[in-house]
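Read the structure below first, then the notes.
Naming: A, B, ... by sequence-line order, numbering from 1 per chain. Just so we're clear, the structure is a prediction, and the values are computed from it rather than from any experiment.
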Amino acid sequence: MRWSKAFIPTLRDDPADAEAVSHKLLIRAGFMRQLMAGVYSLLPLGTRVVRKVEQIVREEMNRIGGQEFQLPSLHPREIWERSGRWSAMGAEMFQFQDRRGADVALGMTHEEIFAHLAGGLRSYKELPQIWYQFQTKFRDEARPKSGLLRVREFTMKDSYSMDIDWDGLDHAFDEHFDAYRRIFNRLGFETVAVEASSGSMGGNQSVEFMLRSDAGEDWIAACSACGYAANIEKATSTIEPVHDEPGLDAPERFPTPGVRTIEDLEKTDGGAPGWRQIKTLVYRVDEKIVLLLLRGDHTLVEQKIVDHVEGGEIRPATADEAKDALGAQPGSLGAVAVEDHFIIADEALRGRSNMVTGANVDEFHLRGVDIDRDISVKAWLDLREVRDAEGCPMCAAPLAVQKTIEVGHIFKLGTKYSEAMGATVLDGNGKAAPIVMGSYGIGLERNMAAVVEANHDAAGIVWPVNVAPYEVVVTVVKPKQVECLEVGVRLYEALLAEGIDVILDDRDERPGVKFKDADLVGIPYRVVVGPKGLADGVVEIKRRRDGETRDIQVGHAASTLAEAVLDERR
RNA sequence: CGGGCCGUGGCGCAGCUUGGUAGCGCGCUUGACUGGGGGUCAAGAGGUCGCGGGUUCAAAUCCCGCCGGCCCGACCA
């Protein structure tokens, strides 16, 4: 490619509506343009990078025996009804009607369709299988953000494993785990594998691959001592034990005018610090009122409740619903003597006494509350959000809470979809058995953005050779000078012959413009062909990553560069 | 969905308070000089001021409605 003929619209200024580094740089360097909220057009450079990401993923999937498919994006309602997800996916699924009035949807994931195809498997002897595809997913995100990091239309590599039993699934899961590790390594960034919640996918275990980054939106808790790591939605920790002074013989009501929050109550006469308060949260779970109790200074992780109530509808109760249930407004709610609602308490409240909590009478609280004596807790669960520096649940070393980008997610699904779609095979005893499935996803464009988040500097992107749109740029300093241009062209052609992805910057621009663009676009190697060097028979090779520069005899340049590039391709 | 900010040539912005000629920088075109980190000079092209309505002699500017984008929150794979 000649730069003079290429569509690489670089910008001098950051786009005004971009915040994330990858968003700014991918726009500025001419890799993509926005079409609407959460929808981007990939330009030639962006397309080249995504193709390379795709090829790396493809190689690693093939390596574990994956077979590539190409499934439709347009799905009939019926197949989603069978899994119950037509309505479960809610507004996030693009649903509409065709000209005959039939309900259809744009695929946001493909468990249903692959499970439907798996119905074509007959015998356990045909298992295991790993099926995958690269396909556009449509998800009507409530809030797209950060350029390619959270979008409404994107390409996903989704794969699905099919096994006769859970041991088989474990094996397929492990194979994917290793494949994903290799993929992210080849993409040029380090990930942390964390325990995660399975969300709407169902199943009993999932692992997310996270890249630490300020641009991320997921929080994880990680232990540097033993390697424990979990999404904050799932993480647990150990905390300092607390000692309660002996309380009262019975809870005692006291007035707390104007007190609405934990903080208010800390400052009130007869109040107590947050760790001595019981916070009462009222939730609606499947139309029933449930009370969630936490220590006053702890935060609820709603997902932990969701994970315990398979499939149920869960939301905070409104102030009116709380009043109906308990007789007071939020701010004075409590669980003491409440018998007709289900009460779930956080583990951190076990055995606590002499606590303060709402009295279920507006503007009154209770003190001297002993949780075992005064509250009918029906279930003890871990509900609280882990905080930075709390103890690791495995080894007690301090946990670090960090912001991350989710670059991959793998799930053990089990038989949810195979049962819904009737995907069974005959086992060794001639009996029909549902296939045990796993599903595994990587978003291509998000991973491209993740590479940028992990590899950039003040001048622009610093692509690893593996995914660089071009591996080498031959910068012709003075294309109007015949010798200069000819040496550049010959070098360019020699590199092409070596199989290197090379672009010839033959534009009639000032050298500085070409240098700035090469840095911004992030091409790993730049070779400068100019009159100064040619007077000594040399060209200058500069490595983008660390700025290392050296002069090379013109005749040796192509082989030297090819060797360097090939050495870094992995 | 709630809160905040913002829509003016391709990009980044000013003008709006106090209504009256659309302006700046970059980029783009042509020419000249230049040529190793976004060069200089000269001459140009390019804008329904997001959309609709209203007020007014007159609206980028004031009022109403809508649409779109970004950020925070809620939600989410």
For A/E509, which contact category applies under a 4.0 Å heavy-atom criterion: base, sugar-phosphate, or nothing?
base

Kindly say if A/K145 contacts the phosphate of B/C72, meaning a side-chain N or O under 4.0 Å from OP1 or OP2.
yes

Quick test of your reading of the model: are A/D519 and A/K542 salt-bridged, counting only N-O distances below 4.0 Å?
no

Could you check which of B/C71, B/G37, B/G35 has an atom nearest any side-chain atom of A/E19?
B/C71

Nearest-Å distance for atom pair CZ/C1', residues A/R33 and B/G69:
16 Å

Base-pairing assignment for B/C28 (Watson-Crick or G-U wobble, both under 3.5 Å)
B/G44

Quick one: is B/C70 close enough that its OP1 or OP2 comes under 4.0 Å of any side-chain N or O from A/Q34?
yes

Assign each of A/L534 and A/P144 the nucleotide of RNA chain B bearing its closest heavy atom; nearer the 5' end lies the nucleotide of A/L534

Is A/R550 atom CZ crowded by more than 12 heavy atoms from other residues, nucleotides or ligands, each under 6.0 Å away?
no

With A/H409, which residues qualify under ring-ring contact (aromatic ring centres under 6.0 Å, His included), at least two apart?
A/F411

Per the atom types in the model, does the base of B/G36 pair as donor or acceptor with the side chain of A/K514 at under 3.5 Å?
no

Contact class for A/N231 vs. all strands (heavy atom < 4.0 Å): base, sugar-phosphate, or nothing?
nothing

With A/Y283, which residues qualify under ring-ring contact (aromatic ring centres under 6.0 Å, His included), at least two apart?
none

Before accepting this row, confirm whether a basic side-chain N of the pair A/R182/A/E60 lies closer than 4.0 Å to the acidic partner's carboxylate O.
yes

How many Å lie between CG on A/L413 and C1' on B/A77, as a whole number?
12 Å

Distance in angstrom units between A/R507 CZ and B/G37 C1', rounded:
13 Å

Yes or no on side chain to side chain donor-acceptor pair (under 3.5 Å) for A/E445 and A/T155, after CA distance, side-chain angles and deciding distance?
CA-CA 7 Å; A/E445 295 87 353; A/T155 316; 2.6 Å; yes

How would you label the contact of A/M36 with the nucleic acid (heavy atoms, under 4.0 Å): base, sugar-phosphate, or nothing?
sugar-phosphate

Closest to the A/K478 side chain, choosing from B/G35, B/G38, B/G37:
B/G35

Ranking B/G38, B/G69, B/C13 by distance to the side chain of A/A16, first place goes to B/C13

Candidate list A/K416, A/R85, A/K137, test salt bridge (charged side-chain N to carboxylate O under 4.0 Å, His left out), partner A/E111, passing option:
A/R85

Pair partner, B/G2 [Watson-Crick or wobble, under 3.5 Å]
B/C72

At under 4.0 Å, does any side-chain N or O of A/R12 touch on OP1 or OP2 of B/C26?
no

In terms of the nearest nucleotide of RNA chain B, which residue is placed more toward the 5' end: A/L520 or A/Q303?
A/L520

Describe the nucleic acid contact of A/G533 in one word from base, sugar-phosphate, nothing, applying a heavy-atom distance below 4.0 Å.
base

Near RNA chain B, counting only heavy atoms under 4.0 Å, which residues of residues 133-143 of chain A show up?
A/R139, A/E141, A/A142, A/R143

Pick base, sugar-phosphate or nothing for A/D14, based on heavy-atom distances below 4.0 Å to the nucleic acid.
sugar-phosphate

Taken to the nearest whole Å, CD/A/E483 to P/B/G35 is 17 Å

Tell me: CG of A/D17 to P of B/C72, nearest whole Å?
13 Å

May I ask you to say what A/R446 touches in the nucleic acid, namely base, sugar-phosphate or nothing, with a heavy-atom cut-off under 4.0 Å?
nothing

Checking all strands, does A/P531 fall into the base, sugar-phosphate, or nothing category for heavy-atom contacts under 4.0 angstrom?
base

Looking at every strand, decide which applies to A/S146 at a 4.0 Å heavy-atom threshold: base, sugar-phosphate, or nothing.
sugar-phosphate

